[in-house]
Amino acid sequence: MPVERVHAPFEVKANRGKVALQRGPIVYCVEDVDHVQGVENLRLSSNTELVSEHISSLLHGVTVIRGYSESSAQALTAIPYYAWDNRSPGKMAVWLQENRT
């Protein structure tokens, strides 16, 4: 299944210019535990390549989405939303700022 970007409706002011990641029927999120600089600093370029990868050792086996956050110069790892908050306490985000290029 391909990774899709879901753009927030313009009418939702808090999410203008943001994107969520989805693969099939599953919505993904990012967690602080995977991002040293925190999830609030993650920004995706509209042309950032996003790939899925199954990791059997993570949370008893989940498919993650990987990419690169150009704004914070760090790798991006998104996990299925249903699996969040199962490793370490910290912030989580579904909607990520997207820089249009």
Side-chain angles (χ1 to χ4, degrees):
M1 293 180 283
V3 176
E4 298 177 56
R5 296 169 189 250
V6 179
H7 293 91
F10 183 78
E11 295 79 15
V12 182
K13 291 180 183 180
N15 289 338
R16 282 187 187 159
K18 294 185 179 183
V19 64
L21 303 178
Q22 179 175 323
R23 184 174 172 270
I26 307 295
V27 173
Y28 281 70
C29 66
V30 293
E31 294 185 288
D32 274 350
V33 67
D34 296 313
H35 305 94
V36 177
Q37 297 177 7
V39 298
E40 63 275 352
N41 296 315
L42 294 174
R43 284 183 162 56
L44 288 178
S45 172
S46 60
N47 62 359
T48 297
E49 181 182 6
L50 299 169
V51 296
S52 59
E53 174 187 355
H54 186 78
I55 303 176
S56 58
S57 62
L58 180 62
L59 299 169
H60 303 290
V62 295
T63 298
V64 301
I65 296 173
R66 297 204 189 265
Y68 186 75
S69 172
E70 296 169 0
S71 62
S72 58
Q74 66 176 319
L76 176 137
T77 300
I79 66 165
Y81 179 80
Y82 68 79
W84 78 280
D85 205 22
N86 282 290
R87 296 177 286 166
S88 296
K91 293 181 182 176
M92 177 276 290
V94 171
W95 293 100
L96 303 173
Q97 191 66 43
E98 183 179 52
N99 297 334
R100 297 275 183 174
T101 55

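- Within 6.0 Å of NE2 in His54 there are more than 12 heavy atoms belonging to other residues, nucleotides or ligands.
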What's the verdict on side-chain contact (heavy atoms from CB on, under 4.5 Å) for Val64 and Leu58, showing C-alpha distance, side-chain angles and the deciding distance? CA-CA 9 Å; Val64 301; Leu58 180 62; 3.7 Å; yes
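- Taken from CH2 in Trp84 to CG in Leu59, the straight-line distance is 13.5 Å, to the nearest 0.5 Å.
- Pairs engaging residues 48-67 under the salt bridge (Lys or Arg N to Asp or Glu O under 4.0 Å) rule: Glu53-Arg66 [sequence neighbours left out].
- In terms of modelled atom types and a separation under 3.5 Å, the side chain of Asn86 and the main chain of Ala83 share a donor-acceptor contact.
- Note on Leu50 and Val39: same hydrophobic cluster, where clusters join Ile, Leu, Val, Met, Phe, Trp and Tyr whose side-chain heavy atoms are under 4.5 Å apart, directly or indirectly.
- Ile26 and Met92 fall within a single hydrophobic cluster, where Ile, Leu, Val, Met, Phe, Trp and Tyr side chains are chained together by heavy-atom contacts under 4.5 Å.
- The side-chain heavy atoms of Val27 and Val94, taken from C-beta on, include a pair separated by under 4.5 Å.
- Nearest approach of Cys29 to Pro80, heavy atoms of both residues: SG-O, 4.3 Å.
- Counting heavy atoms from C-beta outward, Tyr28 and Val62 have side chains that stay 4.5 Å or more apart.
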side-chain contact (heavy atoms from CB on, under 4.5 Å), that's the test. Do Leu21 and Arg5 meet it? Break it down for me. CA-CA 5 Å; Leu21 303 178; Arg5 296 169 189 250; 4.3 Å; yes
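- Put simply, NE2 on His7 and CZ on Arg16 are 15.0 Å apart, with the number rounded to the nearest 0.5 Å.
- Under the 4.0 Å criterion applied to side-chain N and carboxylate O atoms, Glu98 and Arg43 are not assigned as salt-bridge partners.
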Dump the intermediate steps for side-chain contact (heavy atoms from CB on, under 4.5 Å) on Leu44 and Val19, then the final yes or no. CA-CA 9 Å; Leu44 288 178; Val19 64; 4.3 Å; yes
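- Closest approach of Met1 and Pro25 over heavy atoms only: SD-CD, 4.4 Å.
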Apply the test side-chain contact (heavy atoms from CB on, under 4.5 Å) to residues Asn99 and Ser46: give CA-CA distance (whole Å), side-chain angles for both, the deciding distance (0.1 Å), then the verdict. CA-CA 6 Å; Asn99 297 334; Ser46 60; over 6 Å; no
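- In this structure, the separation between CG on Leu42 and CG on Leu76 is 5.5 Å, given to the nearest 0.5 Å.
- Separating the OG1 atom in Thr63 from the CD1 atom in Ile55 is a distance of 8.5 Å, to the nearest 0.5 Å.
- The structure places OG1 of Thr48 at 10.0 Å from OH of Tyr68, a figure rounded to the nearest 0.5 Å.
- Judged as a salt bridge (Lys or Arg N to Asp or Glu O under 4.0 Å), the pairs with a partner in residues 19-34 (not counting sequence neighbours) are, in order, Glu31-Arg87, Asp34-Arg87.
- Between the CD atom of Glu40 and the CG atom of Leu96 there is a distance of 11.5 Å, given to the nearest 0.5 Å.
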